[in-house]
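Let me begin by presenting the structure, written as structure tokens, before commenting on it.
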Amino acid sequence: MLAFEDVTRRFRGGDGVTGLSFQVEPGEIVALIGLNGAGKTTLMRLALGMLRPQQGMVRVFGEPLDDLPAGAWGQVGALVEMPLAYPELTVRENLRISSLLRGSTPGIVEGAVDAWRLGPVADRRFRQLSLGNRQRVGLAAALQHDPRLIVLDEPSNALDPASAILLREQVTRRAQAGAAVLISSHHLDEVARIADRVLLINAGRLIGQLDTTGHDLERAFFERIRADDEHRRTDEEASR
Ligand SMILES: Nc1ncnc2c1ncn2[C@@H]1O[C@H](COP(=O)(O)OP(=O)(O)OP(=O)(O)O)[C@@H](O)[C@H]1O
């Protein structure tokens with residue numbers, strides 16, 4: 001469903017991501033974790049064609065992104081950075097537009113309002129919503145059309161515990177229906193609950209997977225990051 005083949009995208013100043021290779025298969029939830037600035041959002045933007053690789057290739061539904069027919073994006077659901085919405089339109093109107101843009105029928109909107117418990121704010125303008133409610137609208141818009149590929153960058157940001165549970169249920173339900181899910185998070189315990197695999201990203205590189213069956217996930221995470229930092233420092237010193 002989603003494949004990265006040796007993908008590199010560096011920014012002026014040297015940061016970015018380097019040599020990323022991984023796949024997300026149908027029915028699989030893959031989580032991406034790393035420290036601030038590790039490259040998670042850059043990877044997500046590359047997956048969605050919001051950034052182009054300088055090297056390597058991204059494939060969606062088996063096609064290189066450049067060859068993907070425009071209609072195929074209707075089977076993708078994504079939330080990266082801020083939810084995109086028209087501030088002067090209501091929640092319901094925004095969800096309706098979002099469904100039309102993805103080639104779905106507006107009939108799905110009421111289901112999304114119910115699923116995300118947006119009823120009490122459905123007729124409020126988007127700009128009047130709290131941060132958490134905006135995030136819920138963004139998630140409803142990303143998932144209401146039952147996409148086959150889901151890309152969510154730190155989706156539990158600003159969500160209250162009840163909404164975080166909703167998110168978990170919705171994402172798991174979509175994966176059980178065969179969707180491929182890529183999700184980034186800072187919450188290790190949340191990730192451990194839903195992900196089939198957890199990829200570790202550090203300083204723009206994928207450095208392996210985290211075993212989520214262990215007890216002290218945080219310690220395991222930080223040890224892997226520290227070991228990678230040390231390894232890179234030694235390599236840099238040796239190459240001087
Ligand atoms: N447009 C850009 N121009 C220059 N540098 C950038 C740009 N976008 C990202 N970077 C840099 O690339 C690196 C990776 O950033 P990215 O936003 O992907 O990290 P992240 O893992 O999502 O971080 P966070 O957890 O803080 O959201 C950072 O050092 C960032 O400053």
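Indexing begins at 1, ligand by ligand and atom by atom, following the structure's order.
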Flag for T90-R124: side-chain donor and acceptor within less than 3.5 Å: no

Taking atom types as modelled, find out whether S21 and D6 have a side-chain donor-acceptor pair closer than 3.5 angstrom. no

Pairs under 3.5 Å, nitrogen or oxygen of ligand 1 with protein nitrogen or oxygen:
residue: ligand 1; atom: 18 (O); partner: T41; partner atom: N; Å: 3.4
residue: ligand 1; atom: 18 (O); partner: T42; partner atom: N; Å: 2.9
residue: ligand 1; atom: 18 (O); partner: T42; partner atom: OG1; Å: 2.6
residue: ligand 1; atom: 19 (O); partner: G39; partner atom: N; Å: 3.3
residue: ligand 1; atom: 21 (O); partner: A38; partner atom: N; Å: 3.1
residue: ligand 1; atom: 21 (O); partner: G39; partner atom: N; Å: 2.9
residue: ligand 1; atom: 21 (O); partner: K40; partner atom: N; Å: 2.8
residue: ligand 1; atom: 21 (O); partner: K40; partner atom: NZ; Å: 2.9
residue: ligand 1; atom: 22 (O); partner: T41; partner atom: N; Å: 2.9
residue: ligand 1; atom: 22 (O); partner: T41; partner atom: OG1; Å: 2.7
residue: ligand 1; atom: 23 (O); partner: G37; partner atom: N; Å: 2.7
residue: ligand 1; atom: 25 (O); partner: N36; partner atom: ND2; Å: 3.1
residue: ligand 1; atom: 25 (O); partner: K40; partner atom: NZ; Å: 2.8
residue: ligand 1; atom: 25 (O); partner: E154; partner atom: OE2; Å: 3.4
residue: ligand 1; atom: 25 (O); partner: H186; partner atom: NE2; Å: 3.3
residue: ligand 1; atom: 26 (O); partner: N36; partner atom: ND2; Å: 3.0
residue: ligand 1; atom: 26 (O); partner: G37; partner atom: N; Å: 3.4
residue: ligand 1; atom: 29 (O); partner: D15; partner atom: OD2; Å: 3.2

Kindly compute the distance separating CG (L143) from OG (S98), expressed to the nearest 0.5 Å. 10.0 Å

Distance from T172 atom OG1 to R193 atom CZ, nearest 0.5 Å? 11.0 Å

Does the distance from a Lys or Arg side-chain N to an Asp or Glu carboxylate O, for E110 and R92, drop under 4.0 Å? yes

Would you say H186 and L35 make side-chain contact, with heavy atoms under 4.5 Å? no

